[in-house]
2 protein chains.
Amino acid sequence: MLLCGGFMMERMKRVSIKDIALAVGVSTATVSLVLTGKNKNGRVSKEMSEKIKKVAHEMNYQPNRLAMSLQSGRSQTIGLLVADISNPFFGTLAFYVQEEMEKAGYAVIIMNTDESDVQMERMISLLRSRQVDGFIIVPTEFGEKSIAQLVDNRIPLVLIDRYYPSLQVNGVLIDNYQAAYEATRYLIDTHCERVALLIYENSQPHMIERERGYTNALKDAGLYDEELIKRVRYKYMDEDIIGAITWLAQKRKDMDGILFATNTIAMTGIKQLLNLGFRIGEDVHVVCFDKSDAFDFMPVFIPYIHQPIANMGRLASQLLIKQIEDVELGEELIHKLTARLVKK
Amino acid sequence: MLLCGGFMMERMKRVSIKDIALAVGVSTATVSLVLTGKNKNGRVSKEMSEKIKKVAHEMNYQPNRLAMSLQSGRSQTIGLLVADISNPFFGTLAFYVQEEMEKAGYAVIIMNTDESDVQMERMISLLRSRQVDGFIIVPTEFGEKSIAQLVDNRIPLVLIDRYYPSLQVNGVLIDNYQAAYEATRYLIDTHCERVALLIYENSQPHMIERERGYTNALKDAGLYDEELIKRVRYKYMDEDIIGAITWLAQKRKDMDGILFATNTIAMTGIKQLLNLGFRIGEDVHVVCFDKSDAFDFMPVFIPYIHQPIANMGRLASQLLIKQIEDVELGEELIHKLTARLVKK
DNA sequence: CTGAAAGCGCTTACAG
DNA sequence: CTGAAAGCGCTTACAG
């Protein structure tokens, strides 16, 4: 029984529950019951049930999830807001979020905020009007208000990679203080005495924590010097980094170590060090956040802080699903995973 | 007029057109008309119209796009299927597709096929049941049947990066033959006489074209040697590449150039060359597809074929939108963009 | 064991 | 100028 023989060349109207009901000679309610597997206590007879399934299959019935969603109030879709999907860190994060959510039957709509608060707000509202069941968000620097609104409205939400300390909301990130402390400590142990920090000029807690880890490690070793902290702007990153490295090279000829607060900063920073003739691992030691494929091509191994991206993505997804499905969540709001320093 | 004062702590039922109608004392039809801007020929009085807008705003009304979609049959959502979102090539592609589709009011659901035909089929069906308006797909090697079905059903669809020659469907990709020819020609001009090719063992047209470009360039120069073509498996890429390079180094000591058919192959390949003590640009010259940040760290510049990813993503999006909105499309089905060889 | 009816939140003829 | 009604494709009490 092929009902769509001659229509192959037209964009076909898809077959609905009604068409099946009509074909079998039964009500749509019965069809729905059978097809959704809610025919528990033998409500529909075995034979009828079989017949309905058979016809549905023959007619190549695909349920319209939009209609199901409208009915149930659940879209089985979540929104993932990242700063930039073309950045491998976020790409990988998206990969694992997607994988984990799909297992639970959710689709993921990914959008880029490009670090803009305005964009983030727009996208949240856009996705809400699409009735997403929840959000996983890498929040922007000054977007606290938009996030607070989600929290107030009890929208299922997990922040990832960064968070706002004032908000009562689930967060998944690494222990940035500990990671930066350990990385700095490593440089000290490598006999660096003048360790610089290159970091975003930015008030986000995860950056502040990294700076605090760096600062404390140096203070604990009696080596702290405020002048060695160089801040760069996200928008003018490249020129600021080049300027900072150049400055350090000229004014601070005793500089012998650098902690790069992000991988992106490290990429440009290391390039500039090489341009200026520094021999990494000899004239200057460096550590950075996150591995980059590029490091494999360096003549010397570049130590880095390994963020467990897969675990971050998976944990965030699991927390979100629990929120959506109203499962008890446990006390802990912020989940700090441990980042490992990889020294080779 | 704030109607939701005390409910802030409950997950609120969102305000609907009905609530507004009730509040203003008018029918839902009128509210809909005003709010969708379809109140052309003064159907609704100016004052009433203003009042409705005002109340809608005060009640913080957000339309439910699911309901709109069910009604209109348009979800304003498209599916983007890539091989792996954590790969920067696809991440960047996704970035531009997303950007372009968003401009036109479409959301993008991104999914990973992981190069699996089965996965691709599953995802297409999943997304169809979510009523996506169209697809942009990086097709898998043997997934022709799933794609053919979309074509038969006249689902708006654009293939990207790869295509199936037998199908009448829009495609956006680079001229792989020309690119590979030019790259190989460049190696010959650099005085290489024994140019190897490292390529996936794979029957996809884009790979075949790359091989054909390579082969013809060498034949035209009278330098072709079948033995210099080494095929690697996607699943066992690393070991196969290492094996291939090692083989070339041992058995083909006269090998003096390599064309890497993809960036991923190049990354491992170059690493292995370095491990074996080859000096790139001296003992052996290489060219590969796509730039990688890693190349900035090489002591010598690595020539690469620059694929115009942004243009590919944008063009694919525009073609898809035209299909969805039934705009005349022009004769050309396959759009081959020119890839540029970057020699520094 | 099965169906008629109401409803999810919208839009769109149709009638007045 | 405005409203009642039907419908998009489902599900879910309710009634029999």
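Chain A is the first sequence line, chain B the second, and so forth, proteins listed ahead of strands; every chain is numbered from 1.
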Between B:S72 and B:V26, the residue closer to the 5' end of DNA chain D by nearest nucleotide is B:V26
A:Q62 atom CD is separated from D:dC10 atom P, nearest whole Å, by 10 Å
On a whole-Å scale, what distance lies between the P atoms belonging to D:dG7 and C:dA4? 16 Å
Heavy-atom donor-acceptor pair, A:D19 side chain to A:S16 backbone, under 3.5 Å: yes
As its Watson-Crick or G-U partner within any shown strand, both distances under 3.5 Å, D:dA13 has none
B:A67 has its side chain closest, among C:dC10, D:dC10, C:dA4, to C:dC10
- Taking OP1 and OP2 of C:dT2, is either one under 4.0 Å from a side-chain nitrogen or oxygen of A:S45? yes
**Prompt:** Would a distance-only check, ignoring hydrogens and angles, find a side-chain to backbone donor-acceptor pair under 3.5 Å from A:Q98 to A:V108?
**Reply:** no
note: A:L35, atom CG; C:dT2, atom P; distance rounded to Å ~ 15 Å
Open item on the list: With a 3.5 Å distance limit and no angle check, can you tell me whether A:R162 reaches the backbone of A:V138 through a side-chain donor-acceptor pair?
Closed with: no
Comparing B:T28 with A:V31, nearest DNA chain D nucleotide closer to 5' gives the residue B:T28
A:S27 side chain N/O closer than 4.0 Å to the phosphate oxygens (OP1, OP2) of C:dG3?
yes
The Watson-Crick or G-U wobble partner of D:dA4, with both key distances under 3.5 Å, is none
From CZ of A:R65 across to P of D:dG9 the rounded distance in Å is 16 Å
Note to self: So, under a plain 3.5 Å distance rule, would you say the side chain of A:Q71 forms a donor-acceptor pair with the base of C:dG7?
What the structure shows: yes
Here the distance between atom P of D:dC8 and atom CD1 of A:I17, to the nearest Å, is 14 Å
- Task: Look at all strands and tell whether A:S32 reaches a base, only sugar-phosphate, or nothing, counting heavy atoms closer than 4.0 Å.
- Result: base
From CZ of B:R74 across to C1' of C:dC10 the rounded distance in Å is 17 Å
Looking only at D:dG3, C:dG9, D:dC10, the nucleotide nearest the A:N64 side chain is D:dC10
Can you tell me if B:K46 touches the phosphate of D:dC1, counting only side-chain N or O atoms and a distance under 4.0 Å to OP1 or OP2? no
Rounded to whole Å, CG of B:L70 lies from P of C:dG7 at a distance of 17 Å
B:M68 atom CE is separated from C:dC10 atom C1', nearest whole Å, by 8 Å
- Query: Counting any heavy atom closer than 4.0 Å, what does A:T36 reach on the DNA or RNA strands: base, sugar-phosphate only, or nothing?
  - Reply: sugar-phosphate
Between CZ of A:R130 and C1' of C:dG9 the distance, given in whole Å, is 16 Å
Can a donor-acceptor pair be found, under 3.5 Å and without considering hydrogens, that links the side chain of A:N112 to the backbone of A:D114? no
Next item on the list: Look at the side chain of B:N170 and the backbone N and O of B:L333, then say whether any donor-acceptor pair between them is shorter than 3.5 Å.
Entry: yes
Among the nucleotides C:dT2, D:dG3, C:dT11, whichever has the atom closest to the side chain of B:T30 is D:dG3
Looking only at side-chain N and O atoms, does A:K18 come under 4.0 Å of OP1 or OP2 in D:dC8?
yes
N/O donor-acceptor pair under 3.5 Å between B:R130 side chain and B:I109 backbone: no
